[in-house]
Amino acid sequence: MPAGGSGTSPKKGAGKKKGAKEPAARLPVARVAVDVSLAHLDRPFDYHVPAAMDETVVPGCRVRVRFAGQLVDGFVLDRVAESAHEGRLSFLERVTSSEPVLSPEIAALAREVADRYAGTFADVLRLAVPPRHARVEAEPDEGPWSQEPPEVGGPGPWAAYPAGRSFLRALEEGRAPRAVWTALPGPEWPVAIARAVAATLAGGRGALVVVADGRDVDRVDAALTEELGGSGRRHVALTAELGPAERYRRWLAVRRGRVRAVVGTRAAMFAPVADLGLVVVWDDGDDVHAEPHAPYPHAREVLALRAHRAGAGALIGGFTRTTEATQLVESGWAHTLAAERNRVRRSMPRVRPVGDDAEVARDNAARTARLTHIGFETARQALEKGPVLVQVPRRGYLPGLACVRCRTPARCEACQGPLALRSAHAAPYCRWCGRIAGDWACPECGHRHMRAVVVGARRTAEELGRAFPGVPVRTSGKDAVLDRVGEAPALVVSTPGAEPVAEGEGYAAALLLDGWVLLGRADLRAGEETLRRWMNAAALLRPSAPLVVSADGGLPPAQALLRWDPITYAERELADRRHAGFPPAARMASLTGTPAAIRDLLAHARLPDGAEILGPVPLAGRDGADQRAGREAGREADREAGREVDRERALVRVPRSAGPALGKALQAAQGIRSARKAPDPVRVQIDPLELI
């Protein structure tokens with residue numbers, strides 16, 4: 001193994017200086033993964049273990065080492081008798097903590113994830129191992145956790161699926177079934193997951209559940225507490241809201257083997273569950289499952305790797321199905337787990353699209369109205385029975401404006417960002433730079449008045465309040481997300497993903513407005529994502545409740561919703577992706593940087609046979625203050641350094657079987673550029689969610 005640092009190795013018979021360090025008598029060499037993200041240094045380094053640290057330096061512990069003249073953190077991967085490095089080895093400086101926080105299983109997984117996503121081992125470890133909390137590590141043992149296997153009380157919700165009983169039986173027997181689960185609409189999915197976890201624990205193995213957000217964690221956590229008993233001491237929930245101390249306390253309980261079931265958000269995908277027997281990811285199409293930090297791994301892919309490495313079962317579930325999950329089914333890695341059509345029909349809502357030509361012929365106002373006559377009547381009648389859900393694709397008040405006369409989009413004069421309104425009495429402002437545009441004039445016709453192009457959730461709530469006087473109107477979105485609403489009649493206006501659960505039987509009806517906003521996005525996954533958002537909202541309704549969707553009923557996503565058949569839609573979508581050569585049928589890498597940096601990276605990359613390079617093309621601007629601000633900050637830094645400021649993007653496409661070779665090729669090219677201290681970095685993303 002390569003060695004790092006400096007210092008002279010002791011020689012036999014040589015005189016020893018007073019106070020000189022001596023290596024440990026047993027296994028004197030420690031292989032350390034240093035916390036350095038430079039690609040050309042992405043390998044372990046060997047250090048001598050001082051005799052005084054012999055008892056505290058254990059595989060997996062945190063240490064401090066001197067690397068290139070600086071003290072850096074690291075993890076001990078192993079201790080060996082001798083090093084293959086022929087030079088001199090430095091000694092470890094100190095042991096930060098003798099707690100073995102990095103298990104061999106997680107270390108091997110981190111290496112595989114780094115290679116899969118063309119990243120570095122250090123970057124993955126930052127995602128896998130939480131920061132140390134010394135006070136928590138020093139706390140006394142708070143008592144034994146419940147280790148008795150739970151009793152599985154029958155199939156529960158799994159009885160509604162033909163293969164559900166056999167899936168649970170396989171988990172109880174310690175086998176590794178793998179399934180892509182298309183869940184029935186309704187509130188029972190957390191109970192079904194809890195029953196699968198209980199079956200896994202009964203079989204003597206551990207379970208890991210990853211969901212999209214904290215609200216889903218709370219639902220699964222409550223279901224696990226009810227299912228497993230033991231006052232919740234058979235499992236832990238890991239979320240960012242816990243705070244660093246409590247989160248580290250629970251993580252240590254998992255690492256020390258005191259608890260063998262975990263539920264959490266994206267960061268929990270690396271939780272060190274002992275003897276892993278089941279991994280579960282719920283709603284894998286949600287973009288929050290994609291890690292925004294390098295090397296940008298996706299929870300579904302990481303959990304699939306863990307299941308494969310550990311010989312564990314896997315359950316990839318949701319109300320809809322992604323093309324990536326369909327690819328796993330077609331490859332034979334997983335099997336379909338779905339209910340029969342008769343059972344689906346009894347559970348699904350009654351869907352009615354109101355955007356097709358037939359609807360326009362019956363209602364002339366339907367062409368321009370956001371809330372058609374059918375939608376209004378559906379809501380009015382349903383309010384007599386309970387709450388009504390209204391899904392609006394955009395948050396805010398009026399997030400998009402245009403000239404009244406010529407319909408030219410209203411843009412900021414300073415940065416060309418889109419103008420918006422926060423309220424009915426506010427002045428237009430720029431969503432990118434925040435500048436007030438009170439004196440705006442259309443650059444095309446000179447007109448000074450604007451109209452709404454897109455209506456947000458708050459404006460919709462205001463309009464519905466006037467249309468239904470006396471009915472409570474509640475909103476749920478980014479600023480204030482509701483977890484639950486009561487059974488009393490009310491209008492609940494929500495953005496996608498923020499829909500609260502209605503107590504009792506569920507919502508009496510739902511209106512899915514502005515379907516064109518979701519379907520019209522310039523995104524490869526626009527149809528798939530639209531169907532996912534629609535079905536997640538529709539699953540909150542009572543069986544056979546009316547659902548009105550503002551979309552042309554002839555569109556494939558609307559047809560899939562109408563029939564409640566996401567499987568056929570996903571299979572057709574995968575066939576189209578395969579024909580066009582897009583993921584997941586092919587592997588694709590996105591390279592973002594300056595034109596010179598991209599050319600340099602591609603020149604050093606030994607791409608696999610059959611690789612196609614698409615582009616590079618100028619990086620298109622995107623609506624979004626955070627993306628705009630980040631792009632401008634990067635350009636400003638480049639200007640100060642006197643570098644080229646243009647950004648481009650190139651795509652590298654290879655056959656699916658060549659995916660591992662593509663990751664290693666780009667990883668090696670990044671290492672060459674890192675060793676040469678290339679000034680302009682290139683961001684590499686493998687199979688990013690956004691390709692267009």
Side-chain angles (χ1 to χ4, degrees), residues 213 215 286-287 349 351-355 366-376 378-380 382-383 387-402 418 420-424 426 431 451-468 471-483 485 490-502 507-521 523 526-527 529-541 545-552 555 557-558 561 623-624:
D213 55 38
R215 295 187 306 152
D286 198 318
D287 58 6
V351 182
R352 185 166 188 179
V354 293
R367 188 179 298 277
T368 58
R370 297 184 68 233
L371 184 60
T372 63
H373 175 70
I374 289 179
F376 180 86
T378 299
R380 184 183 63 80
L383 284 170
V388 174
L389 176 65
V390 182
Q391 186 191 78
V392 183
R394 295 288 182 89
R395 63 177 183 267
Y397 192 75
L398 294 180
L401 299 173
L421 280 178
R422 290 191 175 95
S423 68
R431 288 167 50 199
R451 68 184 298 272
V453 176
V454 179
V455 179
R458 284 194 292 114
R459 175 59 180 267
T460 302
E462 183 181 288
E463 294 175 349
L464 291 174
R466 291 194 296 264
F468 296 93
V471 177
V473 180
R474 307 188 65 182
T475 60
S476 180
K478 180 180 180 182
D479 298 330
V481 178
L482 301 177
D483 184 45
V485 294
L491 287 166
V492 182
V493 181
S494 172
T495 52
E499 300 91 350
V501 175
Y507 288 99
L511 310 177
L512 309 181
L513 302 183
D514 302 337
W516 61 270
V517 175
L518 296 174
L519 292 169
R521 294 183 307 142
D523 192 338
E529 177 66 8
T530 299
L531 180 61
R532 187 188 71 83
R533 294 184 179 187
W534 284 348
M535 296 189 78
N536 283 357
L540 300 174
L541 273 64
L547 172 68
V548 178
V549 55
S550 299
D552 186 342
L555 297 174
L561 178 66
D623 291 350

Quick check: closest heavy atoms across [X] and [Y], and the distance to 0.1 Å?
X	Y	result
Ala508	Ala382	CB-O, 3.5 Å
Leu511	Gly375	CD2-O, 3.7 Å
Leu540	Pro500	CD1-O, 3.7 Å
Ala537	Leu512	CB-CD2, 4.1 Å
Glu499	Arg215	O-NH1, 3.1 Å
Asp213	Gly497	OD2-O, 4.4 Å

Working to the nearest 0.5 Å, report the span between [atom1] of [X] and [atom2] of [Y].
X	Y	atom1	atom2	value
Leu491	Thr475	CG	OG1	12.0 Å
Leu531	Leu519	CG	CG	9.5 Å
Arg352	Leu547	CZ	CG	12.0 Å
Leu464	Phe376	CG	CZ	9.5 Å
Thr495	Arg394	OG1	CZ	12.0 Å

**Asked** When you look at Tyr507 and Val485, which way does the side chain to side chain contact (heavy atoms under 4.5 Å, CB included) test go after all the steps?
**Response** CA-CA 10 Å; Tyr507 288 99; Val485 294; 3.7 Å; yes
Q. Would you say the side chain of Arg532 lies within less than 4.5 Å of the side chain of Asp286, judging by non-hydrogen atoms?
A.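 SC-SC contact between Asp286 and Arg532 confirmed.
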Considering only heavy atoms from C-beta outward, does the side chain of Trp534 approach that of Leu518 to under 4.5 Å?
yes
Heavy-atom donor-acceptor pair, Ser476 side chain to Leu482 backbone, under 3.5 Å:
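Between the backbone of Leu482 and the side chain of Ser476 there is a qualifying donor-acceptor contact (under 3.5 Å).
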Sidechain-backbone polar pair: Glu529 side chain, Asp523 backbone, donor-acceptor under 3.5 Å:
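No.
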